[in-house]
Amino acid sequence: MAASNSKTGKAKSYWLVKTEPSTYSIDDWEKEKDKTTFWDGVRNYQARNTLRDLMKLGDEVLVYHSNAEPPEIVGVAKVVREGYPDFTALDTNHPHYDPDSTSDNPRWFMVDLKLIKRFKKRLSLAQAKEINELSGMELLRKGSRLSVQPVKANEFQAILEYCS
DNA sequence: GCCAACGTTGGC
DNA sequence: GCCAACGTTGGC
């Protein structure tokens with residue numbers, strides 16, 4: 001039986017988000033009030049659509065450190081607020097400001113995520129490549145750059161098992 | 001630091 | 001609508 005989402009009763013979905021630890025790491029996240037943060041700054045349409053339309057309350061999200069040594073999956077978060085306009089795109093003083101996004105017609109979206117697990121045993125990209133179950137993972141696709149991406153239930157499960 | 005892969009822009 | 005040029009991502 002598939003895990004169900006406690007809020008909607010529908011099947012839970014799984015995702016992965018990337019962050020560069022030199023900018024925002026899981027340690028920074030840990031210090032947030034209620035371990036909750038808004039996932040701003042995504043400026044890619046496919047990822048935007050995921051944030052706006054697909055990520056639902058209670059969905060679980062792998063946290064990945066990109067541009068890191070080593071690059072690795074470091075924990076799990078969950079969606080605590082569904083898609084809403086990314087206000088940093090509307091703020092002229094913000095580095096993520098986008099003049100083409102307006103409050104009437106917002107172009108970029110974000111969700112709120114709460115950190116729920118820090119892996120004691122992290123899964124590096126190199127290690128992930130050794131796990132058969134993960135061979136089809138979007139993260140492992142050559143040239144994959146999507147910063148918000150879907151994860152299959154069996155992939156999520158395999159990663160949890162490895163990291164616990 | 002290098003560079004392959006990718007998404008976006010803009011001339012035509 | 002094509003596609004070259006460009007900027008960015010992100011592993012190595």
Side-chain angles (χ1 to χ4, degrees), chain A residues 13-32 37-55 59-79 82-113 115-152 154-163:
Chain A
S13 298
Y14 301 97
W15 312 97
L16 178 147
V17 295
K18 298 179 182 176
T19 183
E20 300 197 13
S22 60
T23 304
Y24 189 83
S25 73
I26 193 170
D27 296 326
D28 299 322
W29 196 341
E30 184 89 38
K31 293 173 195 142
E32 303 280 5
T37 190
F38 49 88
W39 208 254
D40 65 308
V42 174
R43 299 290 180 268
N44 165 283
Y45 288 104
Q46 192 176 345
R48 184 281 308 269
N49 293 346
T50 299
L51 292 169
R52 186 187 59 190
D53 305 330
L54 301 179
M55 292 176 84
D59 283 357
E60 296 196 54
V61 183
L62 295 168
V63 180
Y64 177 75
H65 277 174
S66 62
N67 258 315
E69 186 48 54
E72 58 189 358
I73 298 172
V74 297
V76 182
K78 77 175 176 186
V79 178
E82 294 179 4
Y84 62 104
D86 180 341
F87 52 79
T88 68
L90 307 172
D91 177 355
T92 52
N93 292 320
H94 198 281
H96 295 149
Y97 174 63
D98 179 354
D100 292 329
S101 190
T102 63
S103 50
D104 282 349
N105 190 17
R107 170 173 295 194
W108 306 115
F109 284 73
M110 58 190 182
V111 297
D112 287 356
L113 297 176
L115 188 63
I116 58 172
K117 189 186 296 258
R118 287 174 66 105
F119 290 142
K120 290 193 192 78
K121 188 175 163 198
R122 297 174 165 190
L123 178 65
S124 72
L125 190 62
Q127 289 162 339
K129 288 174 179 169
E130 303 298 316
I131 299 176
N132 275 340
E133 189 102 31
L134 304 183
S135 60
M137 229 188 143
E138 168 66 19
L139 186 69
L140 303 187
R141 228 190 68 237
K142 186 175 164 73
S144 171
R145 291 169 38 177
L146 255 190
S147 64
V148 180
Q149 56 182 253
V151 173
K152 296 181 194 76
N154 67 304
E155 295 167 346
F156 187 86
Q157 213 49 53
I159 290 165
L160 274 199
E161 279 164 25
Y162 181 93
C163 295

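Naming convention: chains lettered A, B, ... in sequence-line order (proteins, then strands); numbering from 1 in each chain.
A donor and an acceptor atom, one from each side chain of A/Glu20 and A/Thr23, are nowhere located under 3.5 Å apart. A donor and an acceptor atom, one from each side chain of A/Tyr84 and A/Arg52, are nowhere located under 3.5 Å apart. In the model, A/Glu138 has a side-chain atom that pairs as donor or acceptor with a side-chain atom of A/Ser144 under 3.5 Å.
Applying the 4.0 Å criterion to OP1 and OP2 of C/dC12, one finds that A/Lys142 has every side-chain N and O outside that range.
Rounded to a whole Å, the NE2 atom of A/His96 is 12 Å from the P atom of C/dT8. With rounding to whole Å, A/Leu146 atom CG is found 18 Å from C/dT8 atom P.
With A/Glu130 contributing its side chain and A/Gln127 its backbone, the two residues share no donor-acceptor pair below 3.5 Å.
Both tests pass for A/Lys121 against the ring of A/Tyr162: distance under 6.0 Å to the centre and angle within 45° of the axis.
Ion pairing between a basic and an acidic side chain is recognised when a charged N comes within 4.0 Å of a carboxylate O; A/Arg122 and A/Glu72 show such pairing. A salt bridge links A/Asp86 with A/Arg43: the closest approach of a Lys/Arg side-chain nitrogen to an acidic carboxylate oxygen falls below 4.0 angstrom.
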Detail all sub-3.5 Å separations between protein N/O atoms and N/O atoms belonging to nucleotides 1-7 of chain C.
none

Would you list the protein and nucleotides 9-11 of chain B atom pairs, both N or O, that sit under 3.5 Å from each other?
none

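Here A/Arg141 lies in heavy-atom contact (under 4.0 Å) with sugar-phosphate atoms only.
Taking the six-membered ring where the residue is Trp, A/Trp39 and A/Tyr24 present perpendicular rings, their angle passing 60° and hence far from 30°.
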